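What follows is a set of notes on a single structure, which appears directly below.
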Amino acid sequence: MHWTLTLRPEFLASSAFSRPATSLPRRRSGRTARRLPRPRSKTTSATWASLSRWCLAKLLKRRSRAEAIKPRYDTQGFIPLIDSEGAKRVPGKPTKVGDAASALARAAFVVDEQYETPTQHHNPIELFATTAHWADGRLTVYDCTQAATLAKLALAGALQLDPSKVEVKSAYIGGAFGQKGMPKRQTALVARAAMLTGRPVKLVTPRGQVFHLAPYRPRSVHHVRLGADPGGGMTGLVYDVVQENTPGGMFRVDDYHEGVSRLYGIENYSGSGSDSYVDRQAPGNMRGTHPFAACFAVESAVDELAYKLGRDPLALRLANDTKIDPLTGHPFSARYLAECLKEGARRFGWHRRTHEPGSMRLPDGILVGWGLACGIFHASMGASDATLRVSADGTTRLVTGGHEMGQGIRTAIAATILQGLDIDPGKLEIVLGDTCAGPQPLTAGQWGTASVVPVTAKAVAQMKGAFEELAAGRQLRGNLHTRLARLKRPYLEVSASELAPGQNPAALQVMRRGGLAIAGPAYPEVTAMSYIAHFVELHIEPMTRRIRMPRAVSIADVGRVISPRTAMSQMYGGTVWGFSSALREGTEIDPRFAGYLNDDLADYVVAVNADIGEIHVGLLDRPDPAANSVGAKGMGELVMTGTAAAIANAVYHATGKRQRKLPIHVEDLL
Ligand code: MOS
């Protein structure tokens, strides 16, 4: 393979971005500053135009130096795909309990199959958007990030600025789903441009570039061997995963085992995995993360086992439920997966299903498939701080760490405050995603609400206590603002901190310094997970094999539901994305260049309204007091887990064709 490398002007000019801030050209004096033309208008394009003219001027001066370099290049092949020739595989750490190999050798029934999920990209409506402003030696960056403090520290490091001079604001994000978790390189470039020009600079990365810059769901290949005794008791699971990754990539292959090893009471579990290195950008978290792919594989295998046994897939799952975490031997905190299955089956009408593939049809010949699968996701939480102030002027302000990306974290916080305090909801301010106000830890892995609601509840309880103390037995009328005014106090303020069960108090310091201070799902005494059961009905045209989902029922156990409306919205979104992931979404990679072919929303196909009919979702709303003080567990990621298996299982039920590779296309069913 031959390569030619052309040094482009932008490449040379980019060295201007890597100098320390102390050598910044000053705008009002000095040689460099005179060369920087003043932008004609305040528009960002004018700013960019002046910036590029300035870069060009720098470039002309540097070209002679660059030309003095006489580089020699070695040619090297590259690896676009996990199955490309020469792909290097690096094993992860195994997850082992019992003796799964022996259990399989003794098993009366064994499913031994391979499943595959594709590379998929996030496509939130909001693209990567950054606006940077440099004034008086201070940098303020409005960035769409799920981790404002991480972004702040990364910017300070890249630009060699004192972190106290950098603030990042990310109050509302138009969809993130894991894509906006890690700091982005272009944020530093935008900030540097603002520093060089002395003007605010804004960049919205076009969608086509987002495909090439953002993390994505890695393609993964799953080898599942599931054994059962003659009565259908699952006795052993040997599960190996290969995923695409890059050296040092943060999406750990070991994490595929965290959820599925806890779906059933399987005493012998042997999990392994390896990264297959590709020469593309690093994959990362994408909604549902590892359990999305792992549940597709394992919950498909469970359906295959049901057919081998001649058992109803619902009855088989109920018979293998457990209250003990097979990995730790500790009890699960509240676990109502069986209740999700039973309630879902009731609402779906599962008892009317006939077991044989192809046995259900509409009068016009349309093939009907009814499938079910379970999902599971960790119920982690993080160390959190909150400060709550109620004022006599009618305002209330809560400051905590977290990010609103549409999941409803602000609504959950507001609900917690309004349930506990008689305040004016119209003047309630919730400060989130702003490093000026305090540390803003990564909001991801569905731990956001479960982390901020307990600390908010604690602050609310403290506020009540502070009021009682202040009133000292006097009976005062009116809401808290009126009462404060009567007591001639301008405000009352309380601060609270909260840890996960058994978490080391030092975690608070880690969080305040911008580190990750998340605990779970295996707490010292219990394991806390969230659970879901999906039931789907598919209609498949016998001739064209077009697949539509007229009906789906999903029931989740996420502990206490803090904000029913936003929680239901998460349920709808996850179900729709589950359909989309199973039947539509797949990133096409060009093996010649390791680039992405369908890098826009015209070619990267997602589900549309016509694909999906009635989605019925339900939440059990049973508190999990062992998970945290309010009994609420995460749910955002959970909803997608198990969806793809339910759909693939329904495809099998409709057609008799087992689909072990996503996305399932009509041509796979011909
Ligand atoms: Mo999560 S992967 O940040 O939706």
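Just so you know, ligand 1 is whichever comes first in the structure, and atom 1 is the first atom listed for that ligand. Position 1 is the first residue of the sequence; numbering continues from there. Source: prediction; values computed, not measured.
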Item to complete: State which residues pass side chain to side chain donor-acceptor pair (under 3.5 Å) with S563; sequence neighbours excluded, sorted by chain then number.
Response: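 Scan of S563 (side chain to side chain donor-acceptor pair (under 3.5 Å), adjacent residues dropped) gives T566.
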
Discussion item. Could you check, using the six-membered ring where one of them is a Trp, whether H222 and F296 have ring centers closer than 6.0 angstrom?
Written reply: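 For H222 and F296, the ring centres are not under 6.0 Å apart.
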
Discussion item. Using the ring-ring contact (aromatic ring centres under 6.0 Å, His included) criterion, which residues pair with Y604? Sequence neighbours excluded.
Written reply: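 Residues passing ring-ring contact (aromatic ring centres under 6.0 Å, His included) with Y604: F211.
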
Worksheet entry | H378: partners by ring-ring contact (aromatic ring centres under 6.0 Å, His included), with sequence neighbours left out |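 H378 satisfies ring-ring contact (aromatic ring centres under 6.0 Å, His included) with no other residue.
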
Worksheet item: Can a cation-pi geometry be assigned to K184 and F128, taking NZ or CZ under 6.0 Å from the six-membered ring centre and within 45° of the ring axis?
Response: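 Yes, a cation-pi geometry holds between K184 and F128.
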
Worksheet item: Using a threshold of 4.0 angstrom between heavy atoms of the protein and any atom of ligand 1, which residues qualify?
Response: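 Its neighbours under 4.0 Å (heavy atoms only) are Q146, F177, G178, N285, M286, R287, T289, A444, G445, E637, given by chain and number.
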
Discussion item. Tell me whether the rings of W577 and F177 are parallel (<30°), tilted (30 to 60°) or perpendicular (>60°).
Written reply: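 The arrangement is perpendicular - the two ring planes meet at more than 60°.
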
